[in-house]
Undergrad: 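Can you read through this structure? Questions will come right after.
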Amino acid sequence: AQLLQDHDEL
Amino acid sequence: VLLLKIRATRSCRGISLKTQELYALVFICRYLDLFYSYISLYNTVMKVTYLATAFSIVRYMRFDKVVRQTYDKEQDTFRYIFLIAPCALLALVLNHRFSPTEVLWTFSIYLEAVAILPQLVLMQRTQNIDNLTANYVALLGAYRGFYILNWIYRFATEKHYRQWIVWISGVAQTALYADFFYYYALCWKANQRLQLPA
């Protein structure tokens, strides 16, 4: 699983 | 809403500068990725908006000749260090990756969860809370509260959507407002001005 995603929330 | 209150009434009575400065710090630490990642135009515009409004509010409260005289410094006594130090420690220990930007981002998530506390304490000491202040705090609480619905939706629809740090912090943040919301709803129902019990 991809643990680190872009932080796409504000 | 808060800028409207400050500009229209030329007053920041009942507003905690500590909370506002903590929010400014939250946005600085979280939106460093403006420099190296792009998600959407909406996302970028909102980040810049949050930074600009937060700094504008702090500027009014600290430096505007008229507004700053309405700031009740003696009542706004919450100590920054009690919020910043635990959040910084927690961010150093509990994070997804030990890198400067990721730790600062995590710190901002923790700090945002508790940044309302100086404002809540100040409001408890305030006899006449004006409607704009009450509405501002209610909207701020509702903002992260509504995220919970969005998180549930994304959890159900996106495969790799796992954000424990964000979820737990967001739920904690919303829970801090529970007491406030309770009295806000009571007064709203009775069509009365908000008053918090001492």
Side-chain angles (χ1 to χ4, degrees), chain A, chain B residues 23 26-27 29-54 95-99 101-109 112 140 143-144 146-155 158-167 169-170 173:
Chain A
Q2 185 189 357
L3 185 64
L4 264 181
Q5 304 157 306
D6 271 341
H7 298 310
D8 62 354
E9 292 177 340
L10 293 162
Chain B
Y23 272 113
V26 163
F27 295 144
C29 294
R30 187 171 312 164
Y31 300 151
L32 287 171
D33 63 355
L34 274 171
F35 292 110
Y36 59 84
S37 95
Y38 178 81
I39 289 147
S40 66
L41 180 63
Y42 169 81
N43 189 278
T44 301
V45 168
M46 291 313 284
K47 282 172 176 169
V48 173
T49 303
Y50 289 172
L51 281 165
T53 51
N95 55 60
H96 287 313
R97 186 181 54 190
F98 198 74
S99 73
T101 51
E102 187 67 16
V103 169
L104 283 173
W105 178 86
T106 311
F107 167 69
S108 84
I109 295 290
E112 188 200 327
L140 204 57
Y143 170 73
R144 197 55 68 187
F146 278 119
Y147 258 94
I148 294 170
L149 299 177
N150 181 252
W151 292 334
I152 293 168
Y153 173 76
R154 290 190 69 175
F155 184 81
E158 289 175 35
K159 241 185 176 173
H160 298 299
Y161 189 64
R162 299 281 183 281
Q163 305 258 13
W164 302 114
I165 288 174
V166 172
W167 294 344
S169 304
Q173 179 172 347

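Every value quoted in this text rests on a predicted model; they were computed, and no experiment measured them. We name chains A, B, ... by the order of the sequence lines, and we start the count at 1 in each one.
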Undergrad: Using non-hydrogen atoms and a 4.5 Å limit, figure out which bit of B:F27 sits close to chain A: side chain, backbone, both or neither.
TA: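 Neither part.
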
Undergrad: Rounded to the nearest 0.5 Å, how far does NE2 of B:H96 lie from NE2 of A:H7?
TA: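 Between A:H7 NE2 and B:H96 NE2, I get 7.0 Å after rounding to 0.5 Å.
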
Undergrad: Under a 4.5 Å cutoff for heavy-atom pairs, which residue among B:Y147, B:Y143, B:W105 has the most contacts with chain A?
TA: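 Max contact count across the listed options: B:W105.
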
Undergrad: Can you tell me if B:N43 uses its side chain to pair, donor with acceptor, with the backbone of A:D8 under 3.5 Å?
TA: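 Present.
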
Undergrad: Taking everything shown except B:F35 itself, do over 12 heavy atoms lie less than 6.0 Å from its CZ?
TA: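 For B:F35, atom CZ is not crowded (no more than 12 foreign heavy atoms under 6.0 Å).
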
Undergrad: Against chain A, label B:W151 side chain, backbone, both or neither, depending on which of its atoms sit under 4.5 Å from a heavy atom there.
TA: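 Contact with chain A: side chain only.
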
Undergrad: Could you tell me which portion of B:Y42 (side chain, backbone, both or neither) has an atom closer than 4.5 angstrom to a non-hydrogen atom of chain A?
TA: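 For B:Y42, the contact with chain A is made by the side chain alone.
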
